[in-house]
Protein chains: 2
Amino acid sequence: MENQNISDIIEAYLKQILAESQEVEIRRSEIANQFNVVPSQINYVIKTRFTIQDGYVVRSKRGGGGYIRIEKVKLLDNLDFIDSLVAAVGDHITRHDGLAVVRSLFEAGTINRREANIMLAAIDKTALNTGDRDLDEQIRAQILISILDHLRYES
Amino acid sequence: MENQNISDIIEAYLKQILAESQEVEIRRSEIANQFNVVPSQINYVIKTRFTIQDGYVVRSKRGGGGYIRIEKVKLLDNLDFIDSLVAAVGDHITRHDGLAVVRSLFEAGTINRREANIMLAAIDKTALNTGDRDLDEQIRAQILISILDHLRYES
DNA sequence: ATAATATTAGTCAACATTAGTCAAAAGAAC
DNA sequence: GTTCTTTTGACTAATGTTGACTAATATTAT
C-alpha cells in the first residue's frame, strides 16, 4: 500500500468520492494539477479503472465549461451472458450472425420484441451498406458491442 | 454545475420560459446584454440547442422592432413527426444532432428510455468510428433512418 | 414614391478552452 | 532481459466566445 503508483492514488481518490455520491464530475486539468500529472493520465486512469465492466459509465464534454463525469451504475445479473455474446461478435460479424445475436438476447428475455427490432434495424442492410462488406461487418460488430455494453446495466 | 458555460445558462433560461409558455420572443441584443455576451452568441446558442432535431422552430425578423421567436414544435401525429425527423437527419448527421433526434423521439413518447439508450448506443462514437468522419456521419444517418422507418409501422 | 439612414438579426472566421488519442519512454513485475 | 503497466507529451478534436462584416427591415427626409 505504501508503494502505490499515482494512477492507483487517483483511482482511490475518485472512488472515495463515488462511495458517497453516485457520481463525480471533474475538470481534467484540475485533477491533473492536484496530483501533479499530465492531463492525459486522467484518461489512462479512467480507461483502465472505470470501465463498464467495473460498473462505471463515463461521459465528458470538451470546450469551455468542459468536464468528465463518472457515474456508478448498477450492473445487472447478465454479465457472463453479455460477455459471451461480445466474444461471439468479435471484431467482424455478418448480418446472419448478427441476427442470431439479437435473437439470443430476445430468447433470453434480455430485450423485448420492440427492442430487438430496433437493434435489427440498426444492423440490417438498409443501415449498413458502404459497399465494402468487410467494413460493414466491422461496423456491425461495433454497433452490437456498443449496445451489448449498454445492456449490462439499468439506465 | 459550479462551472457551467454561459451558453448552457442562456439555454436553460430560454427553456425555462418555454416550459411555461409554448413560445419565447426575445430581442437579441437585450438577452446578450442581460447575460453580458456579444449578440452573436445568442445565435450560437440557438443554432446548437434549439434546432428542429431538438423540436424547436425559430423565426426572426431584422430591422426596427426585430425579434427572435423560438417555438416548441407541436407534434401532429407520429407519422408526420417521424417524417420530419427523417428529413432532419438527411444523408449525414453529426453525433450531436443524432442525439437530439433520439431525445426528441423520447420526449415525444415515441420510444421509452431503454429504447432511446439502445438507439444512442448504435450511433455513438464507440459504435461509429471508422476514422473517416464523413463516412461515420453517413452511416449514422442510415442507421437512424432505418430505425425511424421501423418505428413508423411499429407504433 | 424614393432615397438615405437607423435599427435590428445573421454569418463567418479567428481565437480560446476544454478533453481525447496515440505512441514513445520509463518503470515495475516476472 | 522480456513483458506488462504506467507516465509523458505532442498532436487532434470538440465546444464555446468574440467581433468584424453583411443582410434585412423599418423609419425618416426629400
Side-chain angles (χ1 to χ4, degrees), chain A residues 1-14 24-51 54 57-70 142, chain B residues 1-14 24-51 54 57-70 92-100 123-137 140:
Chain A
M1 284 303 163
E2 51 215 71
N3 225 336
Q4 277 181 122
N5 59 50
I6 189 68
S7 289
D8 288 341
I9 293 170
I10 295 169
E11 174 191 6
Y13 170 77
L14 295 173
V24 215
E25 179 174 316
I26 63 172
R27 169 149 307 170
R28 187 178 75 154
S29 58
E30 269 179 18
I31 300 295
N33 244 298
Q34 185 175 329
F35 290 97
N36 208 41
V37 297
V38 297
S40 61
Q41 179 139 12
I42 308 305
N43 297 87
Y44 174 74
V45 171
I46 286 171
K47 196 171 155 196
T48 55
R49 292 152 162 88
F50 292 88
T51 68
D54 297 317
V57 169
V58 179
R59 281 161 302 165
S60 64
K61 200 168 89 166
R62 308 186 195 185
Y67 57 79
I68 300 177
R69 225 178 268 154
I70 306 174
Q142 285 168 210
Chain B
M1 295 309 165
E2 54 221 65
N3 225 327
Q4 266 185 123
N5 60 57
I6 189 70
S7 290
D8 286 343
I9 293 169
I10 295 169
E11 173 191 6
Y13 170 77
L14 295 172
V24 216
E25 179 174 315
I26 62 173
R27 170 149 308 170
R28 187 178 76 154
S29 59
E30 269 179 18
I31 300 295
N33 244 297
Q34 184 176 330
F35 289 98
N36 207 41
V37 297
V38 297
S40 62
Q41 180 140 14
I42 307 306
N43 297 86
Y44 175 74
V45 171
I46 286 171
K47 195 171 157 196
T48 53
R49 293 152 163 86
F50 293 88
T51 67
D54 293 308
V57 168
V58 178
R59 281 161 302 163
S60 63
K61 202 171 82 169
R62 308 186 194 186
Y67 57 81
I68 300 177
R69 221 177 272 153
I70 306 174
H92 280 67
I93 190 166
T94 62
R95 277 197 293 124
H96 178 274
D97 287 347
L99 185 117
I123 62 168
D124 73 12
K125 68 163 183 271
T126 313
L128 296 181
N129 196 11
T130 63
D132 177 343
R133 178 184 322 217
D134 208 58
L135 179 59
D136 285 347
E137 293 187 359
R140 181 177 295 112

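Note that the coordinates shown come from a computational prediction; the quantities given were computed from them, not determined experimentally.
In this model, the phosphate group of D:dT17 is approached by a side-chain N or O of B:Ser7 to a distance below 4.0 Å at OP1 or OP2. Taking side-chain N and O atoms only, B:Lys61 has no distance below 4.0 Å to OP1 or OP2 of C:dT7. Close to D:dT17, at under 4.0 Å from its OP1 or OP2, lies no side-chain N or O of B:Ser40. Between A:Arg62 and C:dT21, a side-chain N or O to OP1/OP2 separation shorter than 4.0 Å is absent.
In this structure, the nucleotide among D:dA14, C:dA19, C:dT8 sitting nearest to the side chain of B:Arg95 is D:dA14. When distances run from any side-chain atom of A:Ile6 to the nucleotides C:dA9, D:dT7, D:dT8, the shortest one goes to D:dT7. Of all nucleotides listed (D:dG16, D:dT7, C:dT18), D:dT7 comes nearest to the side chain of A:Asn5. Counting only heavy atoms from C-beta on, A:Gln41 has its side chain closest to D:dT6 among D:dT17, D:dA14, D:dT6.
Remark: side-chain polar atoms of B:Asn43 are not paired, donor with acceptor, to backbone N or O of B:Ile46 under 3.5 angstrom. At distances below 3.5 Å, at least one donor-acceptor pair connects side-chain atoms of B:Asp54 with backbone N or O atoms of B:Thr51.
B:Arg59 comes within 4.0 angstrom of nothing in the nucleic acid, heavy atoms only. Using a 4.0 Å heavy-atom distance criterion, B:Arg49 is classed as a sugar-phosphate-only contact. Note on A:Ile68: only backbone sugar-phosphate atoms sit closer than 4.0 angstrom, heavy atoms only; bases stay farther off. Counting any heavy atom pair closer than 4.0 Å across all strands shown, B:Tyr67 reaches sugar-phosphate atoms only and no base atom. B:Gly66 comes within 4.0 angstrom of sugar-phosphate atoms only, judged by non-hydrogen atoms across all strands, and of no base.
Distance B:Gln4 CD to D:dT15 C1': 15 Å, rounded to the nearest Å. Between the CG atom of B:Asn36 and the C1' atom of D:dG19 there is a distance of 15 Å, rounded to whole Å. We find that CD1 of A:Ile42 is positioned 11 Å from C1' of C:dA19, with the value rounded to whole Å. The distance between atom CD1 of B:Ile70 and atom P of C:dA9, rounded to the nearest whole Å, is 12 Å. In this structure, B:Lys47 places its NZ atom 18 Å from P of C:dA9, rounding to the nearest Å. Computed from coordinates, the B:Arg27 CZ to D:dA24 P distance equals 20 Å when rounded to whole Å.
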Intermediate values then yes/no, side chain to side chain donor-acceptor pair (under 3.5 Å), B:Ser7 and B:Gln41: CA-CA 8 Å; B:Ser7 290; B:Gln41 180 140 14; 2.9 Å; yes
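The base of C:dG20 sits with one of its N or O atoms less than 3.5 Å from a complementary donor or acceptor on the side chain of A:Arg28.
At a threshold of 4.0 Å, the pair B:Asp136-B:Lys125 does not count as salt-bridged, since none of the basic side-chain nitrogens sits closer than that to a carboxylate oxygen. Between B:Asp97 and B:Arg140 there is no salt bridge, since no side-chain N of the basic residue sits under 4.0 Å from a carboxylate O of the acidic one.
Summary of the strand contacts: B:Lys125 and B:Ser29 both lie near DNA chain C, and taking for each the nucleotide with the nearest heavy atom, the more 5' one is attributed to B:Ser29. Across the interface with DNA chain C, nearest-nucleotide mapping of A:Gly65 and B:Asn129 shows A:Gly65 to be the residue nearer the 5′ end.
The heavy-atom pair separating B:Glu11 from B:Phe50 by the smallest distance is O-CZ, 3.9 Å.
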